[in-house]
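Side chains are part of it too, since the values below use all heavy atoms of this structure and drop only hydrogens, waters and symmetry mates.
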Amino acid sequence: MECCASNISIKNITFEQEGNDNEGIVVIKTGRVTFDDCDMRCETNGVAVESCGEMVMRQCKVHGAKSAGIIVSSGATLHLENNKLFDNGEFGKNSDLSAGLATGAILLEAKSDCKKTKAVLSDNYISNNHCYGICVKKDDDIFTASGDPEYGVQLEMTNNVFEENMHGDIGHFLVNTD
C-alpha cells in the first residue's frame, strides 16, 4: 500500500504481505499516516517512511520483515508509542556488519545532504530481532564526524524495552555512497 495524502488514519487493520514486494508492506511517500492497533505481518520489507513522510504508530505489531521492520529515510519523521517490534532483520543475521548490511527492527538513515531524520520512541517493546533493535545507517560525512550512534539523527527514547536483539540494541554503520 502506498500513501501520498496529507493526513491518513488507519485503525484495527491486519496487513499481510505476500511474495517478494521490495517496496514494503506500506510505503509512506508524503504526508502523515497514523496507525492504531494494527498488525503488520511482513514478508520482505516492513513499513517504509520516505523523506517527505511522517508516521505515527500506536499499539501495533511489526514482525517478520526480512529487512528492517520500519525503514525511515533521511528527513522523515517517526513517532512510535506502545508497539511491539519483533522477529525482523533476518537478512542481517549472518551478514558482514562491516559491509553495511546491518538491519533490525528500525532502520534510520542519516545523510549529510538531507534534513535530520527524527524519531520519537516511547513505551515500545523491541525484541528478538535478527540484527539490531535500532540501526542507524550514515553517509561518510556523518559517520566520521562522531562515534556516537545517535549522531546525525534526532532520536528521543523514553521507557522502551530492548531484549535479545542479536547484535545489540543500537548500532551505526557507514553507507557506501560510491
Self-check item: Contact check, side chains of E163 and N128, non-hydrogen atoms, under 4.5 Å
Solution: no
For G46 and A65 the tightest heavy-atom approach is N-CB, 3.8 Å
Legend entry - Under 3.5 Å: donor-acceptor pair, side chain of Q17, backbone of T44: yes
The side chain to side chain contact (heavy atoms under 4.5 Å, CB included) partner of N124 among V62, T158, L80 is L80
### Task
Using the side-chain contact (heavy atoms from CB on, under 4.5 Å) rule, take K138 and V136 through it: C-alpha gap first, then chi angles, then the decisive distance, then the call.
CA-CA 6 Å; K138 305 175 178 186; V136 181; 3.7 Å; yes
Between V26 and C3 the two heavy atoms that sit nearest each other are CG1-SG, 4.1 Å
Taken to the nearest 0.5 Å, the spacing of I8 CD1 from T34 OG1 works out to 9.5 Å
Interatomic distance, CZ@F15 vs CE@M40, rounded to 0.5 Å, equals 4.5 Å
Margin query: Whether the side chain of E2 engages the backbone of V27 through a donor-acceptor N/O pair (distance < 3.5 Å, no angle test) should be reported.
Written below: no
Q. Between K11 and D37, is there a salt bridge with N-O shorter than 4.0 Å?
A. no
query = Is the backbone N or O of E109 less than 3.5 Å from a side-chain atom of S74, with the two atoms forming a donor-acceptor pair by type?
reply = yes
CD1 of I134 to CD1 of I106, rounded to nearest 0.5 Å, is 4.5 Å
Between the SG atom in C60 and the CG atom in N12, the distance rounded to the nearest 0.5 Å is 9.0 Å
Margin query: When you compare the side chains of N82 and D123, does any donor N or O come within less than 3.5 Å of an acceptor on the partner?
Written below: no
ask   = Heavy-atom distance under 4.5 Å between the side chains of C38 and I10, does that happen here?
value = yes
Review point. Do M1 and V56 belong together in a cluster built from hydrophobic side chains that touch within less than 4.5 Å?
Key: no
Rounding to 0.5 Å, atoms NZ (K61) and OH (Y125) come to a distance of 12.5 Å
Tested for side-chain hydrogen bond (donor to acceptor under 3.5 Å, both in side chains) against S67, the lone hit among T103, N88, N45 is N45
Closest non-hydrogen contact found for I25 with C42 is CG2-SG, 3.9 Å
- Task: Tell me, with the steps shown, if K29 and E50 meet salt bridge (charged side-chain N to carboxylate O under 4.0 Å, His left out).
- Result: CA-CA 5 Å; K29 297 241 179 220; E50 295 187 356; 3.5 Å; yes
- Task: Look only at the side chain of N83 and the backbone of M57, and say whether a donor-acceptor pair between them is shorter than 3.5 Å.
- Result: yes
Interatomic distance, CD@E164 vs OG@S127, rounded to 0.5 Å, equals 8.0 Å
**Under 3.5 Å donor-acceptor, T30 side chain and G53 backbone** = no
In short, A68 meets L107 closest at the heavy-atom pair CB-CB, 3.7 Å
Audit row: V49, I71, side-chain contact (heavy atoms from CB on, under 4.5 Å) steps and yes/no: CA-CA 6 Å; V49 186; I71 302 165; over 6 Å; no
Pair R41 + E16: basic N to acidic O under 4.0 Å:
yes
Can you tell me how the ring of H63 sits relative to the ring of F86, calling it parallel under 30°, perpendicular over 60° and tilted otherwise? parallel
Heavy-atom closest pair (N165 atom, Y132 atom, distance to 0.1 Å) is CB-C, 4.1 Å
For the residue pair I170 and M157, establish whether any side-chain heavy-atom pair is separated by less than 4.5 Å. yes
In the structure I gave you, are the side-chain heavy atoms of H79 and E54 within less than 4.5 Å of one another anywhere?
yes
Examine M55 and V120 and state if one hydrophobic cluster contains both, with Ile, Leu, Val, Met, Phe, Trp and Tyr joined whenever side-chain heavy atoms are less than 4.5 Å apart. no
| query | Any luck finding a side-chain donor-acceptor pair between N159 and S122 under 3.5 Å? | reply | no
For S73 and S51, the nearest pair of non-hydrogen atoms, with its separation, is CB-N, 3.8 Å
